[in-house]
Amino acid sequence: MKYDFNKIEKKWQKYWADNQTFKAVNGSDKPKYYVLDMFPYPSGAGLHVGHPLGYIASDIYARYKRHQGFNVLHPQGYDSFGLPAEQYAIQTGQHPAITTAENIKTYRRQLDQIGFSFDWSREVRTSDPSYYKWTQWIFIQLFNSWYNNESDKAEDISTLETIFSSEGNTKVNAVCDDNVENFTADDWNSFDSKKQQEILLQYRLTYLAETEVNWCPALGTVLANDEIVNGVSERGGHPVIRKKMTQWSMRISAYAERLLQGLDKIDWTDSLKESQRNWIGKSVGASVTFNVIASEAKQSANYKSNTSDAERSRSDQNVISTTLNHQIEVFTTRPDTIFGVSFMTLAPEHELVSQITTPEQKAEVEAYVLATAKRSERDRMADVKTISGAFTGAYAEHPFTKEPIPVWIGDYVLAGYGTGAVMSVPCGDERDYAFAKHFNIPIPNIFDGVDISEGAFSDKEKTVIGNSDFLNGMNYKKATKRAIYELEQIGQGEGKTNYRLRDAVFSRQRYWGEPFPVYYDENGMPQMIAAEHLPVKLPEVEKYLPTETGEPPLGNATVWAWDTNKNEVVSNDLIDNETIHPLELNTMPGWAGSSWYFNRYMDANNTEEFASKEALDYWQDVDLYIGGSEHATGHLLYSRFWQKFLFDKGIVPVDEFAKKLINQGMILGTSAFAYILKRSAEMPVSYVNEDFDKFQKAKNFFSDGLKTFVISKELRNKIVHNQATKKDLVEILKYDDWFDSESKKKGLDIKLNDISAIDIREVHVPVEFVNSSNEIDFSKYEKWNSDIIGAVILSDVAHREVEKMSKSKYNVVSPDQICIDYGADSLRLYEMFLGPLEQYKPWNTAGITGVHNFLKKLWKLYHQGENGSFYVSSEGSPPSEGLGEALKTLHKTIKKVQEDIENFSFNTSVSTFMIAANELTAQKCTSKEILEPLLVLISPYAPHIAEELWEKLGNSGSISTAPFPEFDASHLVESSKNYPISFNGKMRFTMELPMDMSKEDIEKAVMAHEKTQEQLAGRTPKKVIVVPGKIVNIVG
RNA sequence: GCUGAAGUGGUGGAAUUGGUAGACACGUUGGACUUAAAAUCCAAUGUCCAUUAGGACGUACGGGUUCAAGUCCCGUCUUCAGUACCA
């Protein structure tokens, strides 16, 4: 009987769906186990073979846990809000909800054909109002909370209001905006409601604030750093500027320390934890306040010794009066180097810059500020070599020496880190050193026995401080402590811990995202829509682009106002600022919906609650989470933040959502390349017009298809690095004198030199192109537009590279055809067989025959009857020698497979199955005693064939909950060992000796062997090492 | 620069606490079956020397520890990923 995988797989997929085999129940006598995959974004391109890798691994684990008697929750859903659907909508006018639904359908079909054991009754879609209702609800909870540093948790905002009205805010230890003003209880009670709300907003865990963003005026949207290339937008190449905008933010910084500490109690990979630690970026040091002295005061201060008493007292007054005006606060990790400060540097965006700059320096400073504003942050970061800055003309006073310190601005200081200002210690910091050298600022040396003529000395361990008053002779640790103490004594500093982690901007100027449950009242203050009126559904819009006035796409909605009487969305025309108010136009970012979905699966269909308390208490958290490492600092950090917040509010029972996390590696595709001739980007349009005739002729020349040439490796490198010149082109085309003769033949009468301003570029092409010797019409490939003259040049040995699978690289392999040709079980086995789960590895469809043949062999093992009919002997247990061997094979396999699954080493268990099948085939094993438990072992990996054979064995129902076979070590006991006999560490021959033979007897036996004598050639061995059960080594 | 991971045949990759390097596959070659192909089965397959027997070399490179090193230690190089003027 043939192994008809297509029929078998369909049959069992239908069976599982019809019987809801994998539906998890909330509450059970069995212990719970929650296996989760990172849910996919349903893109239009569908799945490629890389996507299911992690799903297969988690599915194997989930199935294994079911065999072990766990109540397994293994859900799946879709992260269905996102940019591609919106982009498609902009291009085609098609509503994102429609395309998303279609894409989900495709995904579901593709997932189903692979035979996953998902509980689809719990499916979630982030773009579904019944889901995002709760995303909005969590947003409201965040809005209604503040972070109390005393209790170290989030609390209801009402507790803060109570404190304010009874004692003001001076004693409150809360995480809040930097610039909150102090007020007393009386002040608070006298404030009007608007003022009170403004203040509260500075404490809420989600808040509105002016944030500096990358704004692209042409696209009318904010761009993320990675959407900007060389200072212009990746899409369209439009200029991008830094701009302040009012945006919703999430006060994740409140949780910085807990996010850091929490890493210690979860079983995630070290590299991932390390990325999160770096991202949180804790650094311990001090904050130091420097008083700014006015320029005239500074001058008198400088000449103090020469001035009269009267003048001195006047200047002192001057100093005092001006120091009250401005203070510069800096953060430093090296307070021990405070006596090495020779200047200060502010970020150009620092708010003090305009206030302290002297009239003489104004022009220079303003020019510099403007110049930096034009550069994107990434641009600034990328260009670290160029030193630039400007002197403000202002001076600050050293807290101890009272010496004047010039205040500079420089773009190496980032506004977004610390306080946006640094005390510059050129002798101890490379950047400060370079800056000081460049602008001829003195570099005082405060390190004993260190030469700083060539560069700064930043080694903390070897530091001995000198020239530093009370810090002299101290090491880094001592000096730091003392410096902080002294700063505290004079009230100009304190020990401080700084985190790199910034509050997360939560507003997007997009259509296809969760709308905020927020309207703006007559004072322009944000108000939450009461939870019982959620969800606030996305409005319909005519177009998905920003409005002409630059408002986000929701600004196009005509029915987008909130009626506080009727508690529903009404037409904008009705806005009266009394009962009907405008709604928020921004939407939430992609990570909103994915930051809590793992909790929703526990009770996905609950309409009353986010999830019931019973469900949350039962499932607790994710036991195993599998997904890509690219989410290390995004999704995985935000989710931990929300989880901790929800924990503080008593909504969820644990403050870390996933106990164990594994990153699956990427499956890479093989790309092929060709080389195109393209109108040079540098060629001005006017030039094209002049030369249009020649350009067209060249185009005609190449128009009839693909040409094949030989290109050298060197030339290829040139092309890739955009260094190929026309001379190189001439060289290629002269090959075989092909160009000249062809040109004449066609009567085009052009010479190579006539074709001006042509670039040669490397482009991805479908692999079939490279394999084909035919001329191929490439005009149907959209990427190749009218700027392309047309020739495609292939190297003799087509260049291939292994890279990420992507539609644009034409290297995508779809699982669909593989399921048709080889079956889902083969696909599952092969994906696991490719290599370790975490590793990046290339895909090669050809190799699948190996695992496919194994499945056929396995099938045959159960069909050794007449004409290959199903035959498994269920005769008792004949103690024949054959079965002894088979038992050994079985138990060896049980042991190895169980170990492998628990170590997530799925690739080696596939090998183990192959070995088992090979051995049992050789043993001609037909015993049910062996072949039945074997099926349970294989079932997590290849569930369809396992179910089919399980049924044929006469079992009713699914194999999925059959108990995992128990390993019995007694079957593996060996009576003898084939000892490797080595001489000086080199294995020469083997010898079969009894297991229980003593060390001495082994040595005797080995020494008596003729080959030993041969090897020794008469010499007497110096030493004989015998490790019973392992090895014999003779040293001589 | 920093952090993390990794370097093993033509390819993907195996190798418990240091104990027979290259399991299991792919590919290649040869053979069987077939009119032929496919499928299937059998054999060989790290490199080099040798007719065989056998030998030398071999886990990025250079050292070291050890009876014994892919594995442990020191140094170097390369690749990949993340991150970056973080004060």
Side-chain angles (χ1 to χ4, degrees), chain A residues 269-279 281-283 285 288 330-334 337 344-345 347 378 380-387 410-414 416-425 428-432 434-435 458 498-502 629-630 632-633 663 665-666 668 829-830 833-836 838-854 856-857 860 896 899 903 905 907-915 917-918 978-990 1014 1021-1027 1029-1036:
Chain A
T269 61
D270 287 339
S271 70
L272 198 137
K273 286 187 188 180
E274 202 54 33
S275 326
Q276 291 214 347
R277 282 192 195 104
N278 291 339
W279 196 259
K282 181 179 183 176
S283 51
V288 185
V330 302
F331 172 75
T332 179
T333 53
R334 297 294 304 273
T337 63
M344 305 192 61
T345 317
R378 172 159 289 209
R380 256 168 78 171
M381 287 168 183
D383 180 24
V384 297
K385 297 250 162 61
T386 323
I387 295 162
D411 66 1
Y412 81 95
V413 177
L414 301 176
Y417 183 76
T419 60
V422 300
M423 56 175 232
S424 303
V425 184
D429 184 282
E430 289 298 341
R431 293 151 304 167
D432 295 344
F435 195 86
S458 52
N498 201 47
Y499 297 91
R500 193 182 86 101
L501 184 68
R502 313 289 318 282
S629 57
E630 65 273 21
T633 53
N663 295 125
M666 207 178 280
L668 306 168
L829 281 173
Y830 188 51
F833 187 61
L834 273 181
E838 288 99 329
Q839 201 164 299
Y840 280 54
K841 44 209 176 270
W843 179 267
N844 174 17
T845 304
I848 202 168
T849 53
V851 293
H852 189 65
N853 284 341
F854 154 71
K856 285 200 235 172
K857 207 177 264 181
K860 264 193 190 162
K896 177 79 174 132
E899 280 168 5
N903 295 321
S905 173
N907 53 327
T908 47
S909 14
V910 180
S911 311
T912 306
F913 290 139
M914 288 173 172
I915 293 167
N918 289 343
N978 193 20
Y979 279 92
I981 314 299
S982 47
F983 293 81
N984 294 323
K986 282 174 193 166
M987 205 282 286
R988 290 303 174 197
F989 62 94
T990 60
E1014 224 172 81
K1022 286 197 190 108
K1023 208 172 174 187
V1024 179
I1025 313 272
V1026 178
V1027 186
K1030 285 257 161 90
I1031 197 166
V1032 176
N1033 191 18
I1034 297 162
V1035 186

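All values below come from the heavy atoms of this structure, side chains included, with hydrogens, waters and symmetry mates left out. In what follows, chains carry the letters A, B, and so on, assigned in the order in which the sequence lines appear, proteins first and then strands, with residues in each chain numbered from 1. Predicted, not measured: the structure shown is a model, and the values here were computed from it.
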A.B. asks: Look through every strand shown and name the nucleotide pairing with B:A56 as Watson-Crick or G-U wobble, where both distances are under 3.5 Å.
C.D. replies: B:U47
A.B. asks: In terms of relative ring orientation, are A:W843 and A:Y830 parallel, tilted or perpendicular, with 30° and 60° separating the classes?
C.D. replies: perpendicular
A.B. asks: State which residues pass salt bridge (charged side-chain N to carboxylate O under 4.0 Å, His left out) with A:E274; sequence neighbours excluded, sorted by chain then number.
C.D. replies: A:R277
A.B. asks: Say we look at B:C24 and B:A43: how far apart would their P atoms be, to the nearest angstrom?
C.D. replies: 12 Å
A.B. asks: When you check every protein heavy atom under 4.0 Å of nucleotides 5-25 of chain B, what one-letter string (B, S, -) results, 5' to 3'?
C.D. replies: -------BSS--B-BB--BBS
A.B. asks: Searching all strands shown, indicate the nucleotide that pairs with B:C41 (Watson-Crick or G-U wobble; both distances under 3.5 Å).
C.D. replies: B:G31
A.B. asks: Return the pairing partner of B:C77 with a 3.5 Å limit on both distances, Watson-Crick or G-U wobble; otherwise return none.
C.D. replies: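 Matched B:C77 with B:G7 under the 3.5 Å cut-off.
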A.B. asks: Using the P atom as the reference point in each nucleotide, state the distance between B:A6 and B:U16 in Å, no decimals.
C.D. replies: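 Those two atoms are separated by 14 Å.
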A.B. asks: To the closest 0.5 Å, what do you measure between CZ (A:R334) and CG (A:D429)?
C.D. replies: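 So the gap between those two atoms works out to 9.0 Å.
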A.B. asks: Partner lookup for B:U83, please. Criteria are Watson-Crick or G-U wobble with both distances under 3.5 angstrom; report none if nothing qualifies.
C.D. replies: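 Partner of B:U83: B:G1.
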A.B. asks: Under the side-chain hydrogen bond (donor to acceptor under 3.5 Å, both in side chains) rule, what do A:T633 and A:S275 come out as? Steps first, then yes or no, please.
C.D. replies: CA-CA 7 Å; A:T633 53; A:S275 326; over 6 Å; no
A.B. asks: I'd like the P distance from B:A60 over to B:A21, given in whole Å.
C.D. replies: 16 Å
A.B. asks: Given the P atoms of B:U78 and B:U29, what is the spacing between them in whole Å?
C.D. replies: 38 Å
A.B. asks: Roughly how far apart are A:L834 CG and A:L829 CG, rounded to 0.5 Å?
C.D. replies: 11.0 Å
A.B. asks: In whole angstrom, what separates A:D432's CG from B:C86's C1'?
C.D. replies: 12 Å
A.B. asks: Between atom CZ in A:F331 and atom C1' in B:A87, what is the gap in whole Å?
C.D. replies: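 The distance from CZ of A:F331 to C1' of B:A87 comes to 8 Å, rounded to the nearest Å.
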A.B. asks: Expressed in angstrom and rounded to an integer, what is the separation of A:K1022 atom NZ from B:A68 atom P?
C.D. replies: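 Rounded to whole Å, this separation is 11 Å.
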A.B. asks: Provide, to the nearest angstrom, the distance between the NE2 atom belonging to A:H852 and the P atom belonging to B:A39.
C.D. replies: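 Between P of B:A39 and NE2 of A:H852: 11 Å.
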A.B. asks: Which one is paired to B:A36, where only Watson-Crick or G-U wobble pairs with both distances under 3.5 angstrom count?
C.D. replies: none
A.B. asks: Nearest whole angstrom, please: distance from the C1' of B:A84 to the CG of A:L501.
C.D. replies: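 So the CG-C1' distance, A:L501 to B:A84, works out to 16 Å.
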A.B. asks: What interatomic distance, in whole Å, is found between C1' of B:U20 and the corresponding atom of B:U35?
C.D. replies: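 So the two C1' atoms sit 49 Å from each other.
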A.B. asks: Think A:R277 has a side-chain N or O under 4.0 angstrom from the OP1 or OP2 of B:U83?
C.D. replies: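 So the side chain of A:R277 is outside the cut-off, no N or O lying under 4.0 Å from OP1 or OP2 of B:U83.
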A.B. asks: My understanding is that only residues two or more places apart in sequence, or in another chain, count here; which of them pass side chain to side chain contact (heavy atoms under 4.5 Å, CB included) with A:A421?
C.D. replies: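 Counting only residues at least two positions away or on another chain, A:A421 forms a side chain to side chain contact (heavy atoms under 4.5 Å, CB included) with A:I328, A:V330, A:L346, A:H350, A:T419.
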A.B. asks: I need the CD1-P distance between A:I848 and B:G27, as an integer number of Å.
C.D. replies: 12 Å
A.B. asks: Quickly work out the A:F983 CZ to B:G54 P distance and round it to whole Å.
C.D. replies: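 Going from A:F983 (CZ) to B:G54 (P), I get 14 Å.
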A.B. asks: OH/A:Y979 to OG1/A:T990 distance, rounded to the nearest 0.5 angstrom?
C.D. replies: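 The distance works out to 12.5 Å.
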A.B. asks: Pick the P atom in B:U11 and in B:A5, then give their distance to the nearest Å.
C.D. replies: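 That atom pair is separated by 26 Å.
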A.B. asks: Tell which nucleotide pairs with B:G18, taking only Watson-Crick or G-U wobble pairs whose two distances are both under 3.5 angstrom.
C.D. replies: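 WC or wobble partner does not exist here.
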A.B. asks: What's the closest nucleotide to the side chain of A:K856 if the choices are B:U40, B:C85, B:U83?
C.D. replies: B:U40
A.B. asks: Considering heavy-atom distances to RNA chain B, does A:D429 or A:R988 have its closest nucleotide positioned more toward the 5' end?
C.D. replies: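 Taking each residue's closest nucleotide, the earlier one in sequence belongs to A:R988.
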A.B. asks: When the C1' atoms of B:G46 and B:A15 are considered, how many whole Å apart are they?
C.D. replies: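 Pairwise C1' distance, B:G46 against B:A15, rounds to 16 Å.
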A.B. asks: Around atom CG of A:N978, are there more than 12 heavy atoms of other residues, nucleotides or ligands at under 6.0 Å?
C.D. replies: yes
A.B. asks: Grab the CG-C1' distance between A:N278 and B:A84 for me, whole Å please.
C.D. replies: 10 Å
A.B. asks: Would you classify A:R502 as touching base, sugar-phosphate or nothing, given that sugar-phosphate means primed atoms plus P, OP1 and OP2, and contacts are heavy atoms under 4.0 Å?
C.D. replies: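 Since no nucleic acid heavy atom lies under 4.0 Å of A:R502, the category is nothing.
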A.B. asks: Should the pair A:F913 and A:F854 be assigned to parallel (<30°), tilted (30 to 60°) or perpendicular (>60°) ring geometry?
C.D. replies: parallel
A.B. asks: Which way is the base of B:G9 turned, syn or anti, if we draw the line at 90° from 0?
C.D. replies: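 Base orientation relative to the sugar is syn.
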A.B. asks: Need one value for A:T333: base, sugar-phosphate or nothing, where a base atom within 4.0 Å counts as base even if backbone is also close, heavy atoms only.
C.D. replies: sugar-phosphate
A.B. asks: For the P atoms, the ones on B:C67 and on B:G55, what distance do you get once it is rounded to whole angstrom?
C.D. replies: 24 Å
A.B. asks: Partner of B:U66 by Watson-Crick or G-U wobble geometry, both contacts under 3.5 Å, or none?
C.D. replies: none
